[in-house]
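Reading through the structure tokens given below for one structure.
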Protein chains: 2
Amino acid sequence: MIDPHNHNLGRNHILDSLSATEYNHLSPLLELVALSLGEVIYEPVDELRYAYFPITCIVSMLYVMESGASAEIAMVGKDGIIGVSLFMGGGTMPNRAVVRSAGYAYRLRAELLLQEFNRAGGCRNGALHELLLRYTQGLITQIAQTSVCNRHHFVDQQLCRWLLSSLDRLPSNELIITQELISNMLGVRREGVTEAARKLQQAGLIDCHRGRITVLDRPGLEARTCECYHVVKTEHDRLRLSPRHAQLPSYIPLYKDGLVRSESLSNRQA
Amino acid sequence: MIDPHNHNLGRNHILDSLSATEYNHLSPLLELVALSLGEVIYEPVDELRYAYFPITCIVSMLYVMESGASAEIAMVGKDGIIGVSLFMGGGTMPNRAVVRSAGYAYRLRAELLLQEFNRAGGCRNGALHELLLRYTQGLITQIAQTSVCNRHHFVDQQLCRWLLSSLDRLPSNELIITQELISNMLGVRREGVTEAARKLQQAGLIDCHRGRITVLDRPGLEARTCECYHVVKTEHDRLRLSPRHAQLPSYIPLYKDGLVRSESLSNRQA
DNA sequence: CTCAGTCGGTACGGTAACGCACATTAGGTA
DNA sequence: TACCTAATGTGCGTTACCGTACCGACTGAG
């Protein structure tokens, strides 16, 4: 069995943020598992038996509509955990978690996660408690920004955002995924993704090849994506780094004089 | 000063779910405030000084883009709390919270909220801790479903969803809001809302009149809205009612054989 | 009452994305 | 090798929504 720690595959950010004492306490309980493309971690009504800490894989939370159409709600990789409903108290979530990039993850039995989550560190809650909640706040921002992006931005921009977000969670610059799959994540037509990808390829930013996308020019993608990517990334980094109370982000996109600025709700200017 | 408890204005669900002992401990710390339309509770980088428990008001969390365009991320009324970033650990959130329906709320100083949140009940976390986290999970579902709705559903359906969600948080069947404002929440053109509202009015479901919308036929709206409303409502009720581990919802919309059902990611059928 | 400003209704050309149909090509398999 | 399927590319009519413009009507202030 491989050990990701020795193979330089990168590790899970939440686990990495634990103190040595805490990690040593937890590590014998973790089980390394290989997750393959398409594997379903949970369905809408499933009570989770495990929480997953991805290392090299990426898992998508996605909602599948009655019509069969779908949309990705959030993606989780080495930055996070699958199974927030365990410690948030709901037990289940009305969406599906599916592996969309094969790789490794640690898994932890649900009851053990809860035990660690509720373990008091001194008179307060423990480190894992704080880490998980802070990650979940970042997840909220990711979901919210996806919503905004769905509303206002072009497929081209959304594809850039999606590629960049994926890249941030992968060890290389290569994505193993078909355009059809991406279209299911973005909730658009497959042809729309093809069209957008063609533009990026013509601009020399990516190379598409039968279920494999190689990113050639990351800064180029960053220049083409919408603000949504940056908002989520900045917030994510802020929440990851700040141990207790986060410092303000250097990127402050919202102090435009838009809708509902101060007193009046109706002072909108473009 | 009015006391909402005596005026039958309804109360805040989170506070209501506390035991008598816990509520009595908290209640002297709560301050009743009147919030007026357009008031901004927090801006993206604001450290919150108070958490707000709406009673009769509705507060929207909305993101305002660089261009000035906006989109509502979630709405919070008597069902919830404004200020999740306080106990989730991030301190701030990259969006704006603004009062979009005037009314009353209790507010609680941030440090007192945190104190209560972290207060252990026996060997475990306290009731408020659990209530707040469970509410936050519902909030996640609300945000996620808004994202899905933005992607896939018509403005007509979204307007129905929005009206119904608002209605659930209001004491009467009357909304005091302009169509322009609604368009800012939904992130669409004002004319789009006018058009959709006209259809609903012609169908006899609502009555629009200069910044005032009266809902005449709630079931009619429910029949016209998309699944998104029901998903959020069902999940919300489930999370509110279940004290520890939630029972399964009676409404299970996701067991269609859509995308990424079991093994294969690419077995999509409409 | 008068007037100004807000709010809502209507129209029209433009366009991003859709639904569908079909051609092409790469890669694995017999 | 030949074949078959999955993956990608392309075209075309349709449509929901956009941007803009303009107008009528209601409301509240003076």
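A note on names: the letters A, B, ... follow the listed sequences, proteins ahead of strands, and every chain is numbered from 1.
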Would a distance-only check, ignoring hydrogens and angles, find a side-chain to backbone donor-acceptor pair under 3.5 Å from A:Asn150 to B:Asn150?
no
By nearest heavy atom, map A:Arg189 and A:Arg212 onto DNA chain D; which one lands nearer the 5' end?
A:Arg212
Could you state the CZ-C1' distance from B:Arg151 to D:dA16, rounded to the nearest angstrom?
14 Å
Sidechain-backbone polar pair: A:Gln145 side chain, A:Gln142 backbone, donor-acceptor under 3.5 Å:
no
Positions of residues 197-206 of chain A (non-hydrogen atom under 4.0 Å from DNA chain C), listed by number
none
Say whether, by atom type as modelled, one donor and one acceptor occur between the side chain of A:Thr234 and the main chain of A:His230 under 3.5 angstrom.
yes
Classify the side chain of A:Arg190 versus the base of D:dG9 as yes if they form a donor-acceptor pair under 3.5 Å and no if they do not.
yes
Whole Å only: how far is the CZ atom of B:Phe154 from the P atom of D:dT15?
11 Å
Hits for side-chain contact (heavy atoms from CB on, under 4.5 Å) against B:Glu191, two or more places apart or cross-chain, chain-then-number order -> B:Arg189
Specify the residue among B:Gly211 and A:Gln158 whose closest nucleotide of DNA chain C lies further upstream toward the 5′ end.
B:Gly211
Just by modelled atom types, is the A:Gly80 backbone N or O under 3.5 Å from a matching donor or acceptor in the A:Asn12 side chain?
yes
Quick one, give me the B/S/- string for nucleotides 24-30 of chain D, reading 5' to 3', where B means a protein heavy atom under 4.0 Å from the base and S means that only happens at the primed atoms, P, OP1 or OP2.
-BBS---
Rounded to the Å, how far apart are B:Asp207 CG and C:dG8 C1'?
13 Å
Euclidean distance, atom CG of residue B:Asp156 to atom C1' of D:dC17 [Å, nearest integer]:
11 Å
Given D:dG9, is OP1 or OP2 found less than 4.0 Å from the side-chain N or O atoms of A:Gln179?
yes
Could B:Arg96 and B:Glu43 be called an ion pair, given the rule that one side-chain N must be under 4.0 Å from one carboxylate O?
yes
Nearest whole Å is fine: how far is D:dA6 C1' from A:Ile177 CD1?
15 Å
Any side-chain heavy atom of B:Asp156 sitting closer than 4.5 Å to one from B:Lys199?
yes
Nearest whole Å is fine: how far is C:dC18 C1' from A:Leu186 CG?
15 Å
Looking at B:Arg169 and B:Ser165, would you say the former's side chain and the latter's main chain have a donor-acceptor pair under 3.5 Å?
yes
Donor/acceptor link under 3.5 angstrom from B:Glu191 side chain onto base of C:dC12
no
Just how far, in rounded Å, is P of C:dA26 from CD1 of A:Ile176?
18 Å
Winner on side-chain proximity to A:Thr194, out of D:dT8, D:dG11, C:dG8, is D:dT8
Ignoring hydrogens and angles, state whether a donor on the side chain of B:Ser166 or B:Arg100 is under 3.5 Å from an acceptor on the partner side chain.
yes
Rounded to whole Å, NE2 of A:His152 lies from C1' of C:dT15 at a distance of 17 Å
